[in-house]
Amino acid sequence: MKKELKDIFSEDLFEGDMRFLEPMRKHTSLKIGGPADVLAMPQNLLSLINMCGVLQRNRIPLFPLGGGTNILVRDGGIEGAAISLKSFRRIEILNRDSQYVYLHVEAGTLLQRLVNYAKENGYGGIEGLAGIPGTTGGAICGNAGAFGCEMKDVLVSVEMLDSEGKIKRFNAEEMTFGYRSSGILPDQFILNTDIKLRIHEREEVSAKVENFLNIKRQKQPVWEPSAGCVFKNPSGVSAGKLIDEAGCKGMRIGDMEVSAIHANFFINKGEARASDFITLMNEVIHKVQQRFGVILEPEIKIVGREIVN
Ligand code: EPU
């Protein structure tokens, strides 16, 4: 596979960083994941489009990688090309009036860079997203949220590239956002977004951001390797509370452990493997189902291939 792919991608078609058999554990917040056949970080849109064309002609699967913060990559790694848009990270003011500012944000912009930019300029609407890791594109794809604030709340439009290389802009109303979902297909790339924020006093926005960050630091193990909340909250109840009350805090498989701080976070204590994570997930699902009759559903995306022995 390695040689074939190296031959397929000629350098004149591609500007950016391209790595073969790149361990995904170096690119995920969980620090777990086998090798991607290719990990590509195109430097510009033309390189991305060229690469998608090459992949499609050669029937090689592609996987849009955001910040790697809400995914579990299996131990067999990713088949085909994982593509990161981390070079796409511009924030620009499109327009402003007395009440609102309209920003154009490229998909690879770290969500926390955007939250800080808004905080420094007194732009309100995304304070609740403070402390959520990952990219803006990833936050749109998973409709990231906390403290009653969701990414979709500020979106005006999203520009996407499909696997055939066609670029299309969608207004937010045309998209089907739900709780931690956006309806965006697995092979669609979010390229950029236009968002609308409200103009406030800088101190007001800053105080809200700091308050949410403090709550997070108290209630969530934000300093340890995790993928954020593992399961979605079932209607009207916290999955963390159910897992906690089912007695799962501190449960451990290999180096994977249910956090003692917030039970919906699984922590990699060292050299955990994806298989440890999945076994732990299944045990937690089983215990919660036995205790409460509720079947928890993963919030994180599980991708990649199993190890074939
Ligand atoms: N609780 C426990 N034990 C635990 C965890 C929570 O008893 O181990 C209790 C808390 O004491 C509280 C209640 O459960 O009474 C709710 O907990 P919390 O405020 O932490 O909220 P959550 O519903 O567990 C959700 C989101 C988080 C988001 C917070 C804050 C989901 C799955 N989780 O957690 O999002 O940060 O609210 O708004 O929607 C994420 O999506 O990755 C994530 C972390």
I71 and I302: side chain to side chain contact (heavy atoms under 4.5 Å, CB included), yes or no, with the steps?
CA-CA 6 Å; I71 58 169; I302 302 175; over 6 Å; no

query = Do the non-hydrogen side-chain atoms of F177 and L155 ever get within less than 4.5 Å of each other?
reply = yes

What pairs of donor and acceptor atoms, side-chain ones from residues 201-210 against any protein atom, are under 3.5 angstrom apart with sequence neighbours left out?
from : atom 1 : to   : atom 2 : distance (Å)
R202 : NE     : E120 : O      : 3.0
E210 : OE2    : K119 : NZ     : 2.8

pair M281-V230: side-chain heavy atoms closer than 4.5 Å
yes

- Hydrophobic cluster identity match, I278 and L296, side-chain contacts under 4.5 Å: yes

From CA spacing to verdict: side chain to side chain contact (heavy atoms under 4.5 Å, CB included), N264, E299:
CA-CA 10 Å; N264 203 6; E299 180 195 297; 5.7 Å; no

* With a 4.5 Å limit on heavy-atom distance, are the side chains of P133 and S29 in contact? -> no

*Decide yes or no for V54 and F14: does some side-chain heavy atom of the first lie under 4.5 Å from some side-chain heavy atom of the second?*
no

Heavy atoms of F212 and E127 approach each other most closely as CD1-O, 3.4 Å

Notebook entry, point to check: Taking the side chain as C-beta and beyond, is there a heavy-atom pair between Y123 and I93 under 4.5 Å?
Noted result: yes

Check your understanding: Does some side-chain heavy atom of S226 sit less than 4.5 Å from a side-chain heavy atom of I267?
Key -> yes

For R169 and N192, the nearest pair of non-hydrogen atoms, with its separation, is NH2-OD1, 2.7 Å

Heavy atoms of E257 and R252 approach each other most closely as OE1-NH1, 3.2 Å

Q) Do the side chains of R180 and E297 get nearer than 4.5 Å, heavy atoms only? A) no

Between Q218 and I261, the two heavy atoms sitting closest are O-CG2, 4.2 Å

Would you say Y179's side chain and N233's backbone share a donor-acceptor pair under 3.5 angstrom?
yes

When you measure from the side chain of N143 to the backbone of S182, do you find a donor-acceptor pair of N or O atoms at a distance under 3.5 Å?
no

Shortest non-hydrogen pair, A81 vs M51, comes out as CB-CE, 3.9 Å

Practice item. Assign the ring pair F266 / F231 to parallel, tilted or perpendicular, where the plane angle (0 to 90°) is split at 30° and 60°. Key: perpendicular

Taken to the nearest 0.5 Å, the spacing of C229 SG from Q220 CD works out to 6.0 Å

Residues P64 and P186: closest non-hydrogen pair is CD-O, 3.0 Å

- Message: I'd like to know whether L45 forms a side chain to side chain contact (heavy atoms under 4.5 Å, CB included) with I167, so could you lay out the CA-CA distance, the side-chain angles of the two residues, the decisive distance to 0.1 Å, and finally the verdict.
- Response: CA-CA 11 Å; L45 185 58; I167 296 179; 3.8 Å; yes

| message | Hydrophobic clustering (ILVMFWY, side-chain heavy atoms < 4.5 Å, transitive) - are V154 and I91 grouped together? | response | yes

Given D276 and T279, is the side-chain hydrogen bond (donor to acceptor under 3.5 Å, both in side chains) satisfied, shown in steps? CA-CA 5 Å; D276 301 327; T279 308; 5.7 Å; no

Practice prompt. Following the transitive rule for hydrophobic clusters with a side-chain heavy-atom cut-off under 4.5 Å over Ile, Leu, Val, Met, Phe, Trp and Tyr, establish whether V73 and M256 coincide in one cluster.
Written response: no

Across all chains, not counting sequence neighbours, the salt bridge (Lys or Arg N to Asp or Glu O under 4.0 Å) partners of E271 are none

TODO: Take the angle between the ring planes of H262 and F265 and call it parallel below 30°, perpendicular above 60°, tilted in between.
DONE: perpendicular

message = In the structure I gave you, are the side-chain heavy atoms of V38 and I60 within less than 4.5 Å of one another anywhere?
response = no

